[in-house]
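Here's the structure we're looking at; comments come further down.
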Amino acid sequence: MEYVEAVLELVGLIPPGSAVSYGDVAELLGSGGPRQVGSVMSRHGSSVAWWRVLRASGAAPDGHEADALRHYLSEGTALRGNPEEYLRNGESSWRVDLRVARWQPSDADFDRIEALAEGLATASAKMSEANDGMTQ
DNA sequence: ATTCTGACTTGCT
DNA sequence: AAGCAAGCCAGAA
């Protein structure tokens, strides 16, 4: 449960108009990988601003392109391609311009993130410690 | 222990 | 730009 909470809280720190990739989240947390983060978002993302976490390519999560786009437009998130035409006939493609929209955590954010990462680290340390005890 | 499965990434055509 | 193969990480069966 720890990992899930850490991911959700981290996502909660991302301000409107910016975004990060699944891989970024894993890296900031110093634990797991893009797939783990994706898994968490898939199951618990509905309670947070899930559209602010997307693929490294800037493409919105599979099957949620339309919903995500609405948020990007209302938040003024930097986009590339033709979202307008996509809305009109669904034929054009678009991406979030991560080069511009990528979240730059503030010092305070980094402190919070560090705390989350630390929590995960000690949690996993306790687990392996417990396992060691089991095998002794 | 092994195999399968993902809201993933990267590198190569 | 679009498709494909491999690599990767954990949880579930």
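On a predicted model such as this, the values are computed, not experimentally measured, just so you know. Below, chains carry the letters A, B, ... as their sequence lines are ordered, and counting in each starts from 1.
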Testing the basics here: between [X] and [Y], what is the closest heavy-atom pair and its distance to 0.1 Å?
| X | Y | answer |
| --- | --- | --- |
| Pro83(A) | Leu69(A) | CB-CD1, 3.8 Å |
| Ala6(A) | Leu120(A) | CB-CD1, 3.9 Å |
| Tyr22(A) | Val53(A) | CD2-CG1, 3.6 Å |

Atom C1', compared across dA13(C) and dA7(B): separation rounded to whole Å: 22 Å
Arg102(A) and Asp97(A) ion-paired at < 4.0 Å: no
Expressed in angstrom and rounded to an integer, what is the separation of [X] atom [atom1] from [N] atom [atom2]?
| X | N | atom1 | atom2 | result |
| --- | --- | --- | --- | --- |
| Gln36(A) | dC8(B) | CD | C1' | 9 Å |
| Tyr22(A) | dG6(B) | OH | C1' | 11 Å |
| Leu29(A) | dA10(C) | CG | P | 12 Å |

Distance (rounded to the nearest 0.5 Å) between Ser39(A) OG and His44(A) NE2: 7.5 Å
Nucleotide-level pairing of DNA chain B, given in dot-bracket where Watson-Crick and G-U pairs need both distances under 3.5 Å and | marks other strands: .|||||.||||||
Contact list for DNA chain B against residues 38-72 of chain A - heavy-atom distance below 4.0 Å: Gly38(A), Met41(A), Ser42(A), Trp50(A), Leu54(A), Arg55(A), Ala56(A), Pro61(A)
hbond_proxy Arg35(A) side chain to dC9(C) base (donor-acceptor, 3.5 Å cutoff): no
Donor-acceptor side-chain pairing of Arg70(A) and Ser74(A) below 3.5 angstrom: no
CA sep, side-chain torsions, deciding dist, call: Leu79(A), Arg95(A), side-chain contact (heavy atoms from CB on, under 4.5 Å): CA-CA 6 Å; Leu79(A) 302 174; Arg95(A) 308 281 193 76; over 6 Å; no
Passing candidate, ring-ring contact (aromatic ring centres under 6.0 Å, His included) with His64(A), options Trp50(A), Trp51(A), Tyr72(A): Trp50(A)
